[in-house]
Amino acid sequence: MIRRTGRWGAVVLAGFLVTGMLVGCADKGERPQDQAAPVALADAPNDAPADEATGEPSPSASAVESMGAAPSRSATPTPTKKPTKKPTRTATKPLAVAKPPTETQVPPAPPKPAPSSCKPSYKGTQATRAEVKAALTDAAGRTYWPSSAPDIKIPLNLLKATAWQESGWQSNIYACDGGVGLMQVMPATATWMNQRFDKSYEIDAYRDNAYLGATYLAWATKYIGDMYFESDFRLDPALCTTELNSCLLNAVIAAYNYGHGAVAQEGRPLAIPNPSYVRNVRALMSECVCLDY
């Protein structure tokens, strides 16, 4: 999951004139609880791009078959069967009270915040912006729940914004609370996700770190979407209102930073315990300088 430490979102409203940012353990301009946290893995993410898992719709039948042959005068017309459509959810607001989660295996709780006086360290060579962009793009293109929820997709602008909020796209940064790399993944979360989904991602490899971050977002989408949104997994900003707890997107962002348990609990309303973090990431999704890299 994630940790409760603030990151880079505080500079969003300043116009994002700063191109390089340092991820300190101290939360600048945010309350201690609105702090960034690392990530977790989602359903068994395919190591192949998502478009390999799902193809384009099959071509339609020929015109004669689709329209039906003209019946003879003696023939009795056969009623045309209309294709059944998957029922869609009309409500966009979350349920007032959460349903029991369908995913019962959950990541470990986030650690306590690190001392504000602590400064992050750096190890190894930092990936270039082009390398980071490619890794995030690949991670956003994957299908993380191929069997139970293949429609779950992580928007690329959400992944870019989260990485900027967490690390400023610095792949070799190690935070005082234990967060590692681009997506500031917590080691305990990475270990749990690798075991849960039978993967072997390395937390200090920037590509794997991007996959870990994206798969945690996908895991949270499934977990919270089942509990509060009746398996409507759309991470669409258009579904959000001024109330932060009005949409799945905000809830997933909050869970990335503060852990799923602080956001979603069976029998309780959806909670957003870190509003500053959520607002920062939401702003970065449309205004971050990183979107142009």
**Student:** Using the ring pair (Phe, Tyr, Trp, His ring centres under 6.0 Å) rule, take Tyr293 and Trp169 through it: C-alpha gap first, then chi angles, then the decisive distance, then the call.
**Tutor:** CA-CA 11 Å; Tyr293 290 162; Trp169 281 31; 5.5 Å; yes
**Student:** Find the distance between CG (Leu159) and CE (Met183) and round it off to the nearest 0.5 Å.
**Tutor:**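 CE of Met183 is found 4.5 Å from CG of Leu159.
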**Student:** Can you see whether Tyr174 has Lys123 sitting over its ring - NZ or CZ less than 6.0 Å from the centre and within 45° of the normal?
**Tutor:**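 Pair Lys123/Tyr174 counts as cation-pi.
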**Student:** Is the closest side-chain heavy-atom distance between Pro237 and Leu249 below 4.5 Å?
**Tutor:**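 Result yes, sub-4.5 Å side-chain heavy-atom pair found.
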**Student:** So, do Phe197 and Trp219 have ring centers that fall under 6.0 Å from each other?
**Tutor:**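 No, too far apart.
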**Student:** Is there a side-chain contact between Lys222 and Ile152 (heavy atoms, below 4.5 Å)?
**Tutor:**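 Touching, per the 4.5 Å side-chain cut-off.
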**Student:** Quick check: do Val263 and Leu270 have side-chain heavy atoms less than 4.5 Å from each other?
**Tutor:**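 The answer is yes; the side chains approach within 4.5 Å.
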**Student:** Do Leu158 and Ile253 touch side chain to side chain, with heavy atoms closer than 4.5 Å?
**Tutor:**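 Heavy-atom side-chain distance check passes, below 4.5 Å.
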**Student:** What distance separates Glu103 CD from Arg196 CZ, expressed to the nearest 0.5 Å?
**Tutor:**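 Reported to 0.5 Å precision, the distance equals 4.0 Å.
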**Student:** Which heavy atom of Pro120 sits nearest a heavy atom of Ala175, and at what distance?
**Tutor:**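 What the structure gives for the nearest pair is CB-CA, 4.3 Å.
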**Student:** Test side chain to side chain donor-acceptor pair (under 3.5 Å) on Tyr206 and Gln126; report intermediate values, then the result.
**Tutor:** CA-CA 9 Å; Tyr206 76 91; Gln126 180 170 310; over 6 Å; no
**Student:** Taking it one step at a time, do Asn209 and Tyr201 satisfy side chain to side chain donor-acceptor pair (under 3.5 Å)?
**Tutor:** CA-CA 7 Å; Asn209 196 283; Tyr201 291 122; over 6 Å; no
**Student:** CZ/Phe229 to CG/Leu248 distance, rounded to the nearest 0.5 angstrom?
**Tutor:**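 One finds 5.0 Å between CZ of Phe229 and CG of Leu248.
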**Student:** Leu239 and side-chain contact (heavy atoms from CB on, under 4.5 Å): which single residue from Leu235, Asp236, Thr241 fits?
**Tutor:**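 Exactly one option meets the side-chain contact (heavy atoms from CB on, under 4.5 Å) with Leu239, and it is Asp236.
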**Student:** Please examine the side chains of Leu136 and Leu182, heavy atoms only from C-beta on, and report whether any two atoms are closer than 4.5 Å.
**Tutor:**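 Yes. Closest side-chain heavy atoms under 4.5 Å.
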**Student:** Which value, rounded to the nearest 0.5 Å, describes the distance between Glu287 atom CD and Arg282 atom CZ?
**Tutor:**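 So the CD of Glu287 and the CZ of Arg282 are separated by 11.0 Å.
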**Student:** Run the numbers on Thr102 and Asp226 for side chain to side chain donor-acceptor pair (under 3.5 Å), then give the verdict.
**Tutor:** CA-CA 7 Å; Thr102 56; Asp226 283 340; 2.5 Å; yes
**Student:** Any side-chain heavy atom of Leu291 within less than 4.5 Å of one from Lys160?
**Tutor:**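 SC-SC contact between Leu291 and Lys160 confirmed.
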**Student:** Counting N and O atoms only, with roles assigned by atom type, does the side chain of Asn274 sit under 3.5 Å from a partner on the main chain of Ala254, one being a donor and the other an acceptor?
**Tutor:**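 Yes.
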**Student:** Side-chain contact, heavy-atom cut-off 4.5 Å: Lys153 with Thr143?
**Tutor:**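 They are in contact (side-chain heavy atoms under 4.5 Å apart), so the answer is yes.
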**Student:** Please determine whether a side-chain nitrogen of the Lys or Arg among Glu131 and Arg207 lies less than 4.0 Å from a carboxylate oxygen of the Asp or Glu.
**Tutor:**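 No, no charged N to carboxylate O under 4.0 Å.
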**Student:** Taking all non-hydrogen atoms of both residues, which atom of Ser246 and which atom of Glu243 are closest, and how far apart?
**Tutor:**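 Residues Ser246 and Glu243, closest heavy atoms: OG-O, 2.6 Å.
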**Student:** Kindly compute the distance separating CE (Met285) from CG (Asn280), expressed to the nearest 0.5 Å.
**Tutor:**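 Nearest 0.5 Å value for the CE-CG distance: 13.0 Å.
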**Student:** Do Glu266 and Pro101 touch side chain to side chain, with heavy atoms closer than 4.5 Å?
**Tutor:**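 When only atoms from C-beta onward are counted, Pro101 and Glu266 do touch, with a gap below 4.5 Å.
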**Student:** In Å and rounded to the nearest 0.5 Å, what is the CG to CD distance from Asn194 to Glu202?
**Tutor:**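 Reported value, rounded in 0.5 Å steps: 9.5 Å.
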